[in-house]
Participant: 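What follows is a single structure, and I will ask about it in a moment.
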Amino acid sequence: MDDIKAIAKQAKRRLGSDFWRRCKEDVDYTARQAEMNGKNANRVKSHLYERVRSVIRGEEEDEFYLKVKKLLDEYGEVSDALGRLTDREYFQTLSYEERQRYTMELSAKYLAALEKYRKEKESAL
């Protein structure tokens, strides 16, 4: 019950502080800028709305995505990305089958993070 009250208080505070009006103005301004730069305004709006939703929900970027983002910002897409992202100490403790599973899961997570990174960069000005 306390969670519901806290969420309601946060929503009331957002309404009272013109959060939504400022949010809409920011989204519209960014969409106009994107349009002037030849980008798809609807994609930019969609990305910004998703970011606002995650802020309101209190979601944080996951640690793995931040590592991938740092890697891509510093070095770009490199051929040994999985090797750089592997937790070597943990990897050494695994059996052969577990190493294969770990590598496949790491690969899937990397591809998802890479896709998110590309969408983020595409919608950025």
Participant: Got a second to check how far D87's CG is from F64's CZ, nearest 0.5 Å?
Facilitator: 11.5 Å

Participant: At their closest point, which heavy atom of N40 faces which heavy atom of N42, and how far apart are they?
Facilitator: OD1-N, 3.0 Å

Participant: Would you give the length of the straight line joining atom NZ of K9 to atom CD1 of I4, rounded to the nearest 0.5 angstrom?
Facilitator: 13.5 Å

Participant: I'd like to know if D28 pairs up with K24 as an ion pair, taking the criterion as any Lys NZ or Arg NE/NH1/NH2 lying under 4.0 Å from an Asp or Glu carboxylate oxygen.
Facilitator: yes

Participant: Are the side chain of S107 and the backbone of T103 linked by a donor-acceptor contact shorter than 3.5 Å?
Facilitator: no

Participant: Between E25 and R21, is there a side-chain N and carboxylate O pair less than 4.0 Å apart?
Facilitator: yes

Participant: Do K69 and D73 touch side chain to side chain, with heavy atoms closer than 4.5 Å?
Facilitator: yes

Participant: One thing to verify: whether D80 and R84 come together as a salt bridge, which I'm taking to mean a side-chain N less than 4.0 angstrom from a carboxylate O.
Facilitator: yes

Participant: Measure the OH-NZ distance between Y117 and K70 for me, rounded to the nearest 0.5 Å.
Facilitator: 13.5 Å

Participant: Could you tell me the separation between the NZ atom of K109 and the CD atom of E105, rounded to the nearest 0.5 Å?
Facilitator: 8.5 Å

Participant: Enter the distance from K67:NZ to Y110:OH here, rounded to the nearest 0.5 Å.
Facilitator: 13.0 Å

Participant: Heavy-atom count around F91 CZ within 6.0 Å, excluding the residue itself: above 12?
Facilitator: yes

Participant: Does a donor on one side chain and an acceptor on the other come within less than 3.5 Å for Y102 and E98?
Facilitator: no

Participant: If you compare all heavy atoms of L82 against all heavy atoms of L106, which two are closest, and at what distance to 0.1 Å?
Facilitator: O-CD2, 3.6 Å

Participant: At their closest point, which heavy atom of R99 faces which heavy atom of L94, and how far apart are they?
Facilitator: NE-O, 3.3 Å

Participant: Report yes or no: do Y90 and V68 belong to one cluster of Ile/Leu/Val/Met/Phe/Trp/Tyr joined by side chain heavy-atom distances under 4.5 Å?
Facilitator: yes

Participant: Distance check, rounded to the nearest 0.5 Å: L114 atom CG versus K119 atom NZ?
Facilitator: 11.5 Å

Participant: Under 6.0 Å from the CD atom of E74, do we count more than 12 heavy atoms belonging to anything else shown?
Facilitator: yes

